[in-house]
Amino acid sequence: MNKKVVVIGGGIAGLSAGIYALKNGFAVDLYEKNSVPGGECTGWDRQGYHIDNCIHWLTGCRGEDELNQIWRDLGALDDGVSIYREPYFYRLIMDGNTLHFWSDTERARREFMDLAPEDEDEINRFFDCVKYAECVRVPCEKSLAEMNPIEYLRFGMTMAGMGRVIREYGEDSVDDLAGHFRNPHVREMMRCYMNGSYKAVALLSSYGFYSSGTAGIPMGGSVGMVRRIAARFEAMGGKLHMGMAAKHIEIRDHLAQTVTFSDGSAVSCDAVICAADTAVTFGGLIAADHMDRKLRKMYETPGGYKTASGFQAAFGIIGDADCGVESGSTVFSCDRFRVGRQEPGHMGMRVYDYDPDLFPADRRVIQCNILQDAEDYEYWRQLYGDRERYQAEKHRIAEEMRSRLEKNFPLLKDRLILLDSYSPMTFTKWCGAYKGAYMSFFEQKGHKSLTVKNRVRGLRNVFLASQWLSTNGGLPMAVTSGKFAAQSLANLYKHMT
Ligand SMILES: Cc1cc2nc3c(=O)[nH]c(=O)nc-3n(C[C@H](O)[C@H](O)[C@H](O)COP(=O)(O)OP(=O)(O)OC[C@H]3O[C@@H](n4cnc5c(N)ncnc54)[C@H](O)[C@@H]3O)c2cc1C
């Protein structure tokens, strides 16, 4: 076809859009503002250790998943990429006891029953529903926003088990779910991982990804996966332009004509796929009045659609001796300390030791995380204005984290090197993330999940690809949004020829 498409943004959505546009016969130039592709799906090296920022779990790791085919189309997964499967979703250590959300839900059910027999009925109800939630799928053929009512119904019927989950927990927030249990450890287990105002169904379906076996971690981590995708893009003839921040899309007669960049250069094109964060896209690349009604609703209803981020610190473990912590995600109760506007009494941590190339025995890494919300983001944004205080505060929190790790896991004493600490502002600076968000908007109790069309109001040849086109976001939403944007692009030219 030889039509020239410009993709703005080299995260997972942009790379996916680029590859599917190439498959559809377009010539593709992808422009990314950073020096490496990947966006939020990234990692970096410090003092000989590797920090993997993103993939805690990748949905679509089972061969039979439709999503698996998309990852294969992109070169992210293939038969040569082995997958690590964690034995549990997360665990909570509290008052000397540990509860796990084992991938084997029957094992978890037994563990919960042993600790909290007083909650037998609720425990059974919960684990039954996790099994039902295993049917959750991400639409891979067509965006939900593009489906007609019959397609929508058919897709819904492939997830029949969710009917039961929604009947049982559809009205509940995570806090409501926790409130069904009498045992304090079980209650805390339910609400220590996500913001308490999020829908309980989000917790059940995330756990369902683990228990169904679709969640896994590809060897090579986030950076390895992005490199494989970028290599596929280039091998197919796509051109990657790094260090190029798009500034504006020039429009004439409802058509994008030219993209200008902050270095003053410009390129003309037949179509544009905007794969930057949608706050960047509608914050200057194109005028905000082109924004879809549903997307606008999410930005303008902060009580109904919330974002989540975190403050993190990464520590390298000195030596290869036992350090008393196991791989995977752990939350443990600890002395309260201030992070942003919160004063949490527990801390999340994750041990990275499962990939012998990224984390050899003497190069294991622990990352600590405290959830931060949109209000915390404002705190960090203001503090960032005074760079010295910002750095000092990051350092203070990282040291608080270190002391709690050492207190709770004594074998770590004097064996932790602080590698890096990063706040919600880090993600805004790195890739323009709205409110430093890790994923997109999470719908709150009483508010619907939404999917946004990838066409831009009033512009014929501009399309969107981004995790922000669906509530909950994440890698599956980013990668499918890229495929769907390329589909809409191909449809446009099919109708024009
Ligand atoms: C700490 C963390 C952990 C996560 N863990 C998981 C996980 O375990 N599983 C999961 O499924 N998801 C996870 N996610 C979410 C996942 O990383 C994101 O959903 C996904 O990477 C978003 O992809 P995207 O392409 O939509 O957006 P982005 O990654 O934001 O990509 C947008 C790209 O556009 C570029 N850009 C911005 N402005 C411009 C401009 N003006 N010109 C050119 N380029 C521009 C940015 O630099 C960026 O590269 C995690 C995210 C974080 C931050």
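Along the sequence shown, the residues carry numbers beginning at 1. Read the numbers this way: they start at 1 and go in the same order the structure lists the ligands and their atoms.
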query: Any side-chain donor-acceptor pair under 3.5 Å between Tyr352 and Asp52?
result: no
message: Please enumerate all residues that pass side chain to side chain donor-acceptor pair (under 3.5 Å) together with Ser143, with sequence neighbours excluded.
response: none
message: Are Tyr422 and Trp44, when compared by the centres of their aromatic rings, separated by less than 6.0 Å?
response: yes
query: Between Lys142, Lys483, Arg137, which is the residue that forms a salt bridge (charged side-chain N to carboxylate O under 4.0 Å, His left out) with Glu66?
result: Arg137
query: Hey, do the aromatic rings of His346 and Phe332 have their centres closer than 6.0 Å?
result: no
task: Taking the six-membered ring for Trp and the single ring otherwise, decide whether the centroids of Tyr210 and Trp102 are under 6.0 Å apart.
output: no
statement: Within the 4.0 Å heavy-atom cut-off around ligand 1, the contacting residues, ordered by chain and number, are Ile8, Gly9, Gly10, Gly11, Ile12, Ala13, Tyr31, Glu32, Lys33, Asn34, Gly38, Gly39, Glu40, Cys41, Asn53, Cys54, Ile55, His56, Trp57, Met244, Ala245, Ala246, Ala275, Ala276, Val280, Gln312, Phe427, Trp430, Cys431, Tyr438, Met439, Ser466, Gln467, Gly474, Leu475, Pro476, Ala478
